[in-house]
Amino acid sequence: MAHYDTLSLTVDDDRIAQLTLDRPEALNALNSAMMAEFAAALVEATQSGARALILTGKGRAFAAGADIAEMRDRTFGSMSDANHLALWERLADLPIPTIGAINGFALGGGCEIAMMCDILIAGESASFGLPEITLGIIPGIGGTQRLTRIVGKAQAMDLILTGRRIDADEARRLGLISRVVVDGEVVEQAQVIARQIAGSSARAVRAAKECVLRADQSSLSEGLLFERRWFHSLFAFDDQTEGMTAFLEKRPARFADA
Ligand SMILES: CCC/C=C/C(=O)SCCNC(=O)CCNC(=O)[C@H](O)C(C)(C)COP(=O)([O-])OP(=O)([O-])OC[C@H]1O[C@@H](n2cnc3c(N)ncnc32)[C@H](O)[C@@H]1OP(=O)([O-])[O-]
């Protein structure tokens, strides 16, 4: 693995990649160096053949937002000329499943990155929020769009216009995250989920991910057709025969690429 200054990347023998944001002295605030390294690490993780990626933060935060010290003196020109922030979106485009393991604060850009993950689990004392409004700005990496799709207009307006923070239980009730686990076990639980995914048929996992994402981006009829076509396609591969034969023979499936 390459060396990174603002994060670390590991890929274990089960082909689970773990990307850890690593600026704990600034609560993993997202700066330009981290954004560039983040994009490079996603490429490296994908090229390593990883089957799932866990994203977490070192210390007492997942990420407390974009780096305010770095952002303060930016201008419209320096932001828009370089299409600043676009690289973060690469997380949402990753072909393998991504699991956000949220420890502590997930605020501003940190919350926005969390919402790009496919599965989100959080420790009991994690907190979420989009406080950008208190700084005279708004979310810039999908926060208004993703939050509104997840929780609906009224809740999204409440959270974005007040910038208030919510705890893990409220985040689960609203649908932002799927599981709340004991603090200190977040990464371990994410690894359990990742290993389960890595043991499944890679093609079926990819098909399922694409279909779920399509539900957000298409009409119901287009989504249904897309799902049906993917379903048909999976019968072209050995994984389907193996999965069904294993069930009938009462043994665990051995998928070729797992
Ligand atoms: C990307 C697209 C658009 C997104 C925009 C945004 O995300 S806007 C941002 C939206 N996010 C926010 O508005 C949240 C801003 N953060 C907070 O409100 C508080 O830090 C806290 C409530 C998370 C924790 O309070 P606490 O009393 O427990 O801890 P503490 O406050 O003592 O922090 C420890 C150290 O970390 C530092 N640091 C922390 N965050 C940032 C940051 N974003 N930046 C830079 N530095 C940051 C903090 O300065 C301090 O450094 P020092 O002085 O030791 O050199």
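Throughout, numbering of the chain's residues begins at 1 and tracks the sequence. Read the numbers this way: they start at 1 and go in the same order the structure lists the ligands and their atoms.
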### Message
Can you tell whether the side chains of Asp118 and Lys209 come within less than 4.0 Å, N to carboxylate O?
### Response
yes
### Task
May I ask whether Ile121 and Leu91 are part of the same hydrophobic cluster, defined by side-chain heavy atoms of I, L, V, M, F, W, Y residues being less than 4.5 angstrom apart, directly or through others?
no
### Message
Walk me through whether Ser127 and Asp167 qualify under side chain to side chain donor-acceptor pair (under 3.5 Å).
### Response
CA-CA 4 Å; Ser127 65; Asp167 64 18; over 6 Å; no
### Message
The criterion is salt bridge (Lys or Arg N to Asp or Glu O under 4.0 Å); which residues satisfy it with Asp14, sequence neighbours excluded?
### Response
Arg195
### Task
Please lay out, stage by stage, how Ser32 and Arg74 fare under the test side chain to side chain donor-acceptor pair (under 3.5 Å).
CA-CA 12 Å; Ser32 305; Arg74 291 235 182 222; 3.0 Å; yes
### Task
Kindly tell me which protein residues have any non-hydrogen atom under 4.0 angstrom away from an atom of ligand 1, grouped by chain and ordered by number?
Glu25, Ala26, Leu27, Ala29, Arg60, Ala64, Gly65, Ala66, Asp67, Ile68, Met71, Leu85, Phe105, Leu107, Gly108, Gly109, Glu112, Pro131, Glu132, Leu135, Ile137, Gly140, Ile141, Arg165
### Query
Is there a donor in the side chain of Thr6 and an acceptor in the side chain of Asp22, or the other way round, less than 3.5 Å apart?
no
